[in-house]
Amino acid sequence: MIDKRVASLREAVMDIPHGASVMIGGFGSSGIPLGLIEALRQQRAGDLTIISNNAGVGEEGIASLLRDGLVRKIVCSFPRSAGSIWFEKRFEEGAVELELVPQGTLSERIRIAGAGIGGFLTPTGYGTKLAEGKETRVIDGKGYVLEMPLNADFALIKAEASDPWGNLVYDTAGRNFNPMMAMAAPLSIAEVKHIGQLGELDPERIVTPGIFIDRVVSQETIHVPT
Amino acid sequence: MIDKRVASLREAVMDIPHGASVMIGGFGSSGIPLGLIEALRQQRAGDLTIISNNAGVGEEGIASLLRDGLVRKIVCSFPRSAGSIWFEKRFEEGAVELELVPQGTLSERIRIAGAGIGGFLTPTGYGTKLAEGKETRVIDGKGYVLEMPLNADFALIKAEASDPWGNLVYDTAGRNFNPMMAMAAPLSIAEVKHIGQLGELDPERIVTPGIFIDRVVSQETIHVPT
Amino acid sequence: MFRLSSEDMARRVAEDIPDGSYVNLGIGMPTRVANFVADDKQVIYHSENGILGVGPAPKPGEENTNLINAGKQYVTLLPGGCYFDNAESFAMMRGGHLDIAVLGAFQVAENGDLANWATNEDRFPPAVGGAMDLAVGAKKLFVIMRHTTRENEPKILQRCTFPLTGMGVVSRIFTDLSVLDVTPEGLRVIELFGSNTFEEVQSLTEARLLPPLNS
Amino acid sequence: MFRLSSEDMARRVAEDIPDGSYVNLGIGMPTRVANFVADDKQVIYHSENGILGVGPAPKPGEENTNLINAGKQYVTLLPGGCYFDNAESFAMMRGGHLDIAVLGAFQVAENGDLANWATNEDRFPPAVGGAMDLAVGAKKLFVIMRHTTRENEPKILQRCTFPLTGMGVVSRIFTDLSVLDVTPEGLRVIELFGSNTFEEVQSLTEARLLPPLNS
């Protein structure tokens with residue numbers, strides 16, 4: 001029997017160890033697994049490498065991991081936003097390392113890691129500082145940078161609904177990085193609003209097939225301890 | 001006003017010229033734009049390069065283009081099936097050139113052509129006859145072949161339903177190569193069962209965003225002349 | 001010198017967006033261009049996080065935290081719009097499917113080089129987002145920016161001095177003084193606002209300009 | 001020699017498919033394995049054209065020409081199944097997300113090389129389909145084939161003489177005579193069917209075999 005449901009956010013992230021690399025879905029306020037991040041923060045694993053489009057704002061989400069000193073390195077495209085105070089502070093202190101990746105290169109590097117592809121040639125960033133030290137080539141007069149796969153030990157995913165097999169449907173623009181990240185980690189954990197019965201989700205609306213998901217946890221049945 | 005509807009299959013393929021490269025969606029009997037192929041056959045453009053997973057069976061679809069001598073070259077993964085008599089005949093005669101591509105490499109080459117990527121490294125085919133003459137490299141002990149984008153002048157797409165903006169939803173496994181091919185040609189033409197009003201399609205179910213589609217033609221309003 | 005207001009700059013860019021275009025508007029001033037596109041034009045807006053057919057801001061109380069644009073503002077979806085993941089969104093951008101992207105800039109060079117993501121004196125950690133992908137991918141890249149810095153230094157240069165976003169990517173520059181096209185021959189002034197003369201605009205530009213073709 | 005029937009070969013493969021596995025079955029004999037997986041196991045079948053959760057054949061009259069498997073047979077979708085495009089389907093395969101793939105073969109070499117898509121005497125134009133992607137991508141690759149050709153020539157060789165599908169990709173070989181594992185030390189017999197002896201199986205195998213560990 002395949003049943004990927006776990007009973008609590010705490011249990012869902014319990015085995016993420018010190019030093020792990022963790023992908024976290026989301027774009028701004030959209031599609032972020034805030035419950036899983038909070039459970040990870042309380043779990044106190046540190047020295048983390050976080051891969052996410054943004055670096056968090058205010059006091060919640062990735063910002064709370066930075067505030068608590070749990071992050072060693074962050075890989076993202078847009079760390080600085082209105083309110084990204086904890087990222088800015090930790091970066092200025094030299095406490096957190098930043099790998100800045102153009103957004104489309106970030107999502108494609110994650111996708112190819114999940115797709116078993118060893119690298120790809122992108123025109124993005126050619127001739128810029130972000131391509132320094134990278135292999136390049138010119139094909140038919142157009143310059144390309146060779147970019148490599150980006151995977152992680154764990155992926156924290158946010159979706160709208162799931163089923164016991166881990167199939168996921170999303171709400172509006174909440175997809176963003178979640179579908180690719182679900183593919184790129186050997187252990188992908190999804191936080192959803194609702195887990196239905198098998199067959200309840202419209203198969204034509206499923207965006208992330210359950211094969212990419214290892215655990216699902218529903219906000220209906222769990223409570224984030226504070 | 002954006003309105004991509006055209007009145008007939010004939011009109012939809014009218015400007016495909018002699019010598020054009022044409023992608024055709026489908027896998028076996030599934031998701032093939034049979035009406036557009038028949039209109040293309042009647043239009044009599046020849047010397048075509050056809051990119052499709054299969055080479056047609058019986059007397060319809062790609063097989064009818066081969067029978068009528070309209071195809072110069074075929075790029076596919078699985079040309080030989082029960083009933084692929086016209087492909088076999090034309091191939092034996094030396095009348096049609098074959099470029100055989102592993103299926104996953106075929107769909108990814110088409111995808112990257114649509115995604116503006118200049119090449120990718122795949123482990124598929126490494127050390128085999130299908131990688132002969134291609135650039136290879138070994139990364140962390142694993143061998144990869146560099147594969148290049150595959151685009152075409154036109155793409156013929158089959159979907160279930162559309163709207164005036166060209167958004168497409170599919171039926172079950174009818175997606176197959178259609179979504180990637182829609183991206184990889186400057187002129188993509190979709191044959192659908194039904195064209196609804198704008199807003200009629202569930203935005204969460206749309207698989208091919210209309211930006212990739214240039215013309216849609218509905219089987220409801222058109223009739224294939226015979 | 002006659003200088004357009006920010007609003008009029010956005011209005012001028014909007015004039016050059018044809019009916020039926022797929023358009024991505026960058027964060028900040030570029031986003032305002034949408035306010036001035038004539039009602040008789042149908043323009044489909046793309047948002048890099050994964051939306052095509054972005055609609056206006058929702059009514060108060062109807063905001064959905066998942067439904068935001070690249071600038072993290074609440075938006076809605078028009079009928080005919082749809083959603084997709086970030087990899088597909090950037091496939092659209094990088095793959096040349098968007099007709100027009102409008103971006104702000106720190107500097108533009110006469111060969112079309114764009115610098116809009118970092119300066120040499122950053123006190124903040126850098127951020128790049130989707131600018132580099134848009135720069136290489138859009139069929140036409142419009143830049144909207146003031147012609148000079150607040151200190152009246154030229155921003156249109158022979159070579160950019162700030163880190164590049166993309167090489168030779170800009171199609172057209174809309175400033176508060178004029179409109180300029182990047183051409184194989186160099187930067188050509190195609191419109192002068194108000195009473196501005198070619199010589200006046202040249203004097204505020206480091207790159208050498210070509211005069212309007214019909215002047 | 002004791003030789004398993006095709007049915008019993010498929011039954012034997014089915015025994016080695018664990019509960020909860022994601023499995024791709026190749027066209028032909030591999031597809032029959034599904035018929036013998038015990039009812040108390042939940043196995044999710046993948047079809048390369050873009051299905052996860054492939055169900056049994058539809059009732060007559062309920063066929064959908066769009067809903068077919070890789071072998072072009074009509075199928076159904078189980079509750080919990082879903083659809084995706086071919087690029088995503090092969091991302092699953094190439095990316096190592098499938099637990100087991102079962103393929104037929106012309107030849108297997110002692111180092112795990114697989115030859116299953118072309119011979120040297122093809123009278124037909126070649127076809128490769130998804131075999132090469134499955135070969136490199138599945139976590140475990142099971143081969144199901146007769147131990148020898150119809151002419152009693154060995155198919156398990158020191159080196160394949162037919163064009164390769166993949167290098168060093170096979171995990172386990174199920175033949176009508178025995179089950180063999182590809183190990184760093186070489187091909188090890190892990191099961192002998194009926195009264196077959198190690199020596200008898202070796203005599204029908206070109207590659208040198210290692211005896212069962214507990215024999």
Practice task
Check the side chains of N53(B) and N176(B) for a donor-acceptor pair under 3.5 angstrom, ignoring hydrogens and angles.
Solution key: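 No pair is found: no donor N or O on one side chain lies under 3.5 Å from an acceptor on the other.
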Problem - Residues N24(D) and E48(D): side-chain donor-acceptor under 3.5 angstrom - result: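 Result is no, nothing qualifies.
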Practice task
Over 60° means perpendicular and under 30° means parallel, so classify the ring planes of H46(D) and F84(D), tilted if in between.
Solution key: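 It falls in the parallel class, under 30°.
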Chain D heavy atoms under 4.5 Å from [X]: which part of the residue, side chain, backbone, both or neither?
| X | answer |
| --- | --- |
| R111(B) | side chain |
| T105(B) | both |
| P102(B) | both |
| F87(B) | side chain |
| F91(B) | side chain |

Any salt bridge linking [X] with [Y]? Criterion: basic side-chain nitrogen under 4.0 Å from a carboxylate oxygen.
| X | Y | result |
| --- | --- | --- |
| R11(D) | E15(D) | no |
| E110(D) | R208(D) | no |
| D176(D) | R146(D) | yes |
| E147(B) | R94(D) | no |

Handout entry: Heavy-atom pair count under 4.5 Å with chain D, highest-scoring of V101(B), I110(B), N178(B), N54(B)
Key =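 Between V101(B), I110(B), N178(B), N54(B), the count favours N54(B).
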Residue selection (most heavy-atom pairs with chain B, distance under 4.5 Å) from [options]:
| options | answer |
| --- | --- |
| G81(D), A70(D), G71(D), S47(D) | A70(D) |
| D85(D), D113(D), V169(D), L164(D) | D85(D) |
| V136(D), D133(D), L134(D) | D133(D) |
| A118(D), G130(D), G129(D), C82(D) | G129(D) |

Chain B contact via [X] - which portion, at a heavy-atom distance below 4.5 Å:
| X | value |
| --- | --- |
| T165(D) | backbone |
| P126(D) | both |
| L67(D) | both |
| N69(D) | backbone |
| F90(D) | side chain |

Exercise for the section: Dump the intermediate steps for salt bridge (charged side-chain N to carboxylate O under 4.0 Å, His left out) on R188(D) and D181(D), then the final yes or no. Expected result: CA-CA 5 Å; R188(D) 183 173 299 279; D181(D) 266 359; over 6 Å; no
Problem - Other residues, nucleotides, ligands: >12 heavy atoms within 6.0 Å of Q42(D) CD - result: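 Yes, because the 6.0 Å sphere around CD of Q42(D) holds more than 12 heavy atoms from other groups.
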